[in-house]
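A short worksheet on the structure shown next.
Below, chains carry the letters A, B, ... as their sequence lines are ordered, and counting in each starts from 1.
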Amino acid sequence: MSAFWTTGLPLQGRVADAASAPERVITAEATLTATARDDLRVEPLVSEGDTVAQGAPLLRLRRAHGLVITAPMPGRIAHLDLGPGQRLERIELFHEPDAGRHRHEPPGDETDAAALRALLQTSGLWRSLRSRPFGHVPAPDERPAAIFVMALDTRPGAPSPATALAGDEAAFARGLRALGALASEAVFLCQEQGADLLPASEAVQGLRILESKAVHPWGLAGLQIHRNFPAAPGRPVWDVAAEDVTALGELLGTGYLRDTRLVSVTGSAMRTPVLVRCQPWADLRGLAQGHVRPGPHVILSGSALDGRKARWLRPGDRQAAVLTPEDHAPVDHWFLRALRGASRPLPLIPSAALDRALGGEIPAVPLLRALSAGDAEGLIRLGALSLLAEDLALADYVTRAEPRLSRMLDSLLERIEAEGIA
Amino acid sequence: MIRGLWDRETVAMMLLIAIFPVVALWVMAEGLEAVARLLFFLVVAGVWHVIWMLARAQPPSIAGAMTAICLAMLAPRELGLVALLLSTSFGVVMAELAFGGWGRNVLNPATVTLAFMGFGYPVAPWPDLAVQLGWAAAPAALIGMATGVIAAPLVVSTVLALAVGAVLGVDYAETGTAVAVVLVLLVCDPVASAATRLGRWLNGALFGALAAAFTAHWSGAAPVQAMVSAALLASLAAPLLDELSIALWVRRRRKRFG
């Protein structure tokens, strides 16, 4: 069911689904980095030089006790850098194929919410969940009103979730059933119109299927949540990628954590787009190697619209963009600098492109005007608590807004949370 | 990260391209005099933009050219130099630059200038627009709608409201050209018109209804003056219509989601 007004921008660059299965690549190194802003305070469970099995716990979070970060691949801890206050800065692993896999004990009763939570938290899968409003990893005792499973990704160059799920339908259905035990009201599955992800034999009771056209931005969880089940404080909504639900299903079935995810590497500096199955925290240079055009390039983890410069695949990302940098340095003159620095944020001119950048159903111009004015209440009234920075990346792209709308939303949400305005 | 196309200046350029058919026919119809008037208003608006850039570090906008075109085409004839300078400065400065430039203003500077001229110098004769300008408004609106800088609901609802007027017996023989030209030049300004879906429908319908009412009942006014007044009132109502549209949208959502 898609509404009449639903529009978006058909963006070029979906990775063509290769006829053969995507190649499995495990890069020699894998690293998780965190900034001071992430404020990831941890208690190390391993030390440098230890050999760890894939899926074995590495770090325990100090803020949310019980949550752990697990090893993405069998390997040796090469670096473990903690900053002041035990804040994680970097943990780096070298691949050791013989280190084996760590088995987690699946609960006997898969509909027991407490046991499921414990499994998710001790296996590290909990960190693939994201809670709205505010977009944090959910607190260990948080109970979501609804969970959105995103089997649709419309970002340019994103890998098709259908390819990611192909062959694992049973595990996917098992994971969906388990999520049903966690959500207090509903579990939604967002998929492309006409997609057939669950065979009839694997029907999941109580699952609500939302079909959307595959135009950006409708493959973003924020837009779907805004339209179908707005998030509010005290009524959190989680979103999770379909592939992580499959991982949950596999974990319940076998006790082993899924060791790869489907990742695409695209962008203007790539000779050919690449579709691989690689481990989380993978080395993006390693993935792109051999496919990059000669010359300078920058690697973003995430899509060309909302990605961030990174050497390593960031935990939530399923794609990387390798771009040719724009090499024109702005003409520097004190007067031009003054003009660039003054009268910010730039005014937004309503246009069809701007309306479409927010999907056509949200009053885009009032929302973005409230945002540039820093009007938290106006923003909440228009449902912005369901949105996160990534949901405005397309509007940023379309309007060349300065400062970026997504960054303004980020800081305004932070303020709303800190001041408890909502 | 990649950046797109539709910043302020692109939209302004696209609007200029959209109204090109009207401008070209106007220059062809009025000849050199049109060019001279256009040049005068370009210089006046441009000087104010530069002054505000130097004094307030407010980047000038190509939308100033749009204002100049509207004024050159629609301003009353035989106004003295002082009157022209005064009213143009008032419109450009008070309606646009003082708010922070195009994109932050509430009313279209050309609409404000023309209304100022109408109130301040009521005896100055308003121009008679050539009939072909009205027809050229159609391709202008089409280009604008196709590129997304002119909101289709605005144009469609105006036409519908005018059609309702015609059914009720309003005769547009005299004002038709002015309605069409004012619609594409002033009412369809994306900044000064409503920006929500329902708001746009209402905004256009309001302009159409006012245009029909003024045609039928405002016997003493020149067509351009009547339509500029209709545009001013419709533009003043735009924020209210937007607010109404948002209130309804919020209510509908509250009903649906609790």
* **Flag side-chain contact, heavy atom, 4.5 Å: A:Leu382 against B:Trp249** => yes

* **Closest heavy-atom pair and its distance - A:Asp396, B:Arg3** => O-NH2, 3.2 Å

Identify every side-chain donor-acceptor pair in residues 40-58 of chain B under 3.5 Å, counting partners at least two apart or on other chains, and give the distances.
from    : atom 1 : to      : atom 2 : distance (Å)
B:Trp48 : NE1    : B:Ser89 : OG     : 2.8
B:Gln58 : NE2    : B:Leu97 : O      : 3.2

* Asked: chain B heavy atoms under 4.5 Å from A:Arg308: which part of the residue, side chain, backbone, both or neither?
  -> neither

* Counting only heavy atoms not in A:Glu377, do more than 12 fall under 6.0 Å of its CD? -> no

* Structure fact -> What one should report as the nearest heavy-atom pair of A:Arg227 and B:Arg253 is CA-NH1, 4.3 Å

* Asked: Any ion pair linking A:Asp355 and B:Arg200 (charged N to carboxylate O, less than 4.0 Å)?
  -> yes

* Could you tell me which non-hydrogen atom of B:Arg256 sits nearest to which non-hydrogen atom of A:Asn228, and how far apart they are? => NH2-OD1, 4.1 Å

* Structure fact -> Okay, A:Leu300 and chain B: the region with an atom under 4.5 Å from a heavy atom over there is side chain

* **Under 4.5 Å from a heavy atom of chain A, the part of B:Ala247 involved** => both

* Which atoms of B:Asp7 come close to chain A, meaning under 4.5 Å heavy atom to heavy atom: side chain ones, backbone ones, both, or neither? -> both

* To do: Please round to the nearest 0.5 Å and tell me the distance separating atom OG1 of A:Thr324 and atom CD1 of B:Ile2.
  => 11.5 Å

* Asked: B:Ala151 versus chain A, heavy atoms under 4.5 Å apart: side chain, backbone, both or neither?
  -> neither

* **Minimal non-hydrogen separation, B:Phe257 against A:Phe229, with atom names** => CE2-N, 4.0 Å

* Specify the closest pair of heavy atoms between B:Arg197 and A:Glu361, including all atoms of both residues, with the distance to one decimal. => NH2-CA, 3.8 Å

* Asked: Is any side-chain heavy atom of B:Ile246 less than 4.5 Å from a side-chain heavy atom of A:Arg381?
  -> yes

* To do: Find out whether B:Arg104 and A:Leu346 are in side-chain contact, i.e. whether some heavy atom of one side chain is under 4.5 Å from a heavy atom of the other.
  => no

* **Segment of A:Arg337 engaging chain B (4.5 angstrom heavy-atom cut-off)** => neither

* With side chains defined as the heavy atoms from C-beta onward, is the minimum distance between A:Val365 and B:Thr196 less than 4.5 Å? -> no

* Using a cut-off of 6.0 Å, state whether more than 12 heavy atoms not belonging to A:Arg407 lie near its atom CZ. => no

* Shortest non-hydrogen contact from B:Arg8 toward A:Pro347 -> CD-CG, 3.9 Å

